[in-house]
Amino acid sequence: MRIYIFLILIALHPDLPGQSVKSVLDAMMKMDQGSLDKNLSSDLAFIMEDGNKSEGGLAQFKVFLSNNPIKSYKIIHEGVARGKEGFMGISSVTTDKNKYRIYLSFKAEDNRYLVNQLRVEKDGL
């Protein structure tokens with residue numbers, strides 16, 4: 001009986017931050033538009049390494065992904081923001097052309113966590 005209650009509680013619990021970071025990176029690597037649309041906020045702030053925030057961040061990010069298909073990734077760090085209103089993840093990704101460091105910031109929106117800011121920098125390591 002305890003196992004059934006435990007399984008029900010697990011099924012009702014929202015995605016854990018680590019699961020969300022991994023699911024977003026998996027969707028980016030597979031270029032899965034459905035999963036990306038489900039996990040990215042419509043008002044996504046997309047910032048390239050020059051510090052310029054792109055208007056239409058979601059569209060600009062999809063252009064970046066189509067020009068730089070991800071071959072592999074490694075999650076470097078995950079953490080909860082102050083007040084536990086959101087969380088973040090840092091990943092190193094490898095494309096055909098370069099290595100990038102991607103910073104993902106999540107916020108709670110409509111009872112789920114969505115990426116609201118995505119920053120991409122060339123990885124100099």
Side-chain angles (χ1 to χ4, degrees):
M1 183 66 170
R2 288 182 185 170
I3 295 232
Y4 293 118
I5 293 172
F6 176 74
L7 292 174
I8 290 170
L9 289 175
I10 292 290
L12 295 175
H13 192 276
D15 280 346
L16 298 173
Q19 293 171 328
S20 295
V21 171
K22 183 175 178 353
S23 65
V24 170
L25 291 168
D26 283 341
M28 288 168 52
M29 192 165 99
K30 295 174 185 171
M31 302 277 290
D32 182 356
Q33 293 299 318
S35 291
L36 284 174
D37 291 341
K38 186 175 87 171
N39 288 296
L40 301 177
S41 177
S42 60
D43 63 344
L44 176 74
F46 177 59
I47 305 165
M48 282 300 290
E49 70 181 316
D50 56 10
N52 291 332
K53 191 176 185 179
S54 297
E55 294 296 323
L58 188 57
Q60 291 295 325
F61 174 64
K62 288 180 179 181
V63 168
F64 170 80
L65 266 185
S66 65
N67 292 336
N68 299 284
I70 296 173
K71 295 174 74 175
S72 65
Y73 70 86
K74 178 181 176 188
I75 297 174
I76 297 171
H77 179 73
E78 298 170 83
V80 176
R82 289 185 185 170
K84 299 182 182 179
E85 295 174 3
F87 61 94
M88 53 81 68
I90 302 171
S91 176
S92 176
V93 299
T94 304
T95 68
D96 288 333
K97 301 173 187 176
N98 289 307
K99 257 184 123 169
Y100 293 97
R101 190 158 287 202
I102 295 182
Y103 300 83
L104 303 163
S105 295
F106 292 78
K107 71 174 182 176
E109 196 173 293
D110 298 328
N111 293 327
R112 58 190 179 141
Y113 286 109
L114 298 176
V115 177
N116 68 318
Q117 185 179 51
L118 202 144
R119 182 180 182 94
V120 177
E121 298 176 354
K122 279 192 181 173
D123 196 349
L125 302 176

Separation of R119 CZ from I90 CD1 (nearest 0.5 Å): 11.0 Å
Verdict with supporting geometry, D26 and S35, side-chain contact (heavy atoms from CB on, under 4.5 Å): CA-CA 9 Å; D26 283 341; S35 291; over 6 Å; no
M48 vs F64 side-chain heavy atoms within contact, under 4.5 Å: yes
S91 (side chain) donor-acceptor with K74 (main chain) under 3.5 angstrom: yes
OH-CD1 distance between Y100 and I70, expressed to the nearest 0.5 angstrom: 10.0 Å
Candidate pair Q117 and K107, rule side-chain contact (heavy atoms from CB on, under 4.5 Å), full reasoning: CA-CA 9 Å; Q117 185 179 51; K107 71 174 182 176; over 6 Å; no
Verdict with supporting geometry, K38 and R112, side-chain contact (heavy atoms from CB on, under 4.5 Å): CA-CA 10 Å; K38 186 175 87 171; R112 58 190 179 141; 3.8 Å; yes
Minimum heavy-atom distance V120-I102, with the two atoms named: CG2-CG1, 4.2 Å
Cluster check L44, L114: I/L/V/M/F/W/Y, side chain < 4.5 angstrom: no
Evaluation steps, side-chain contact (heavy atoms from CB on, under 4.5 Å), between S66 and M31: CA-CA 8 Å; S66 65; M31 302 277 290; 4.2 Å; yes
Nearest-0.5 Å distance that lies between atom CE in M28 and atom CG in N68: 10.0 Å
Shortest non-hydrogen separation from N116 to S41 and the atoms involved: CA-CB, 4.1 Å
Interatomic spacing from CG in L65 to CD in Q33 - rounded to 0.5 Å: 8.0 Å
Interatomic distance, L25 atom CG to N39 atom CG [nearest 0.5 angstrom]: 10.0 Å
Atom pair CG (D123) and CZ (R101), whose distance is rounded to the nearest 0.5 Å: 4.5 Å
Mutual orientation of the aromatic rings belonging to F106 and F87 [parallel < 30°, tilted 30-60°, perpendicular > 60°]: parallel
Closest approach of V21 to G89 (non-hydrogen atoms, all atoms of both residues): CG2-CA, 4.2 Å
Single-linkage hydrophobic cluster M88~I76, side-chain heavy atoms < 4.5 angstrom: yes
Counterpart residues, side chain to side chain donor-acceptor pair (under 3.5 Å), relative to D37 (two or more places apart): K62
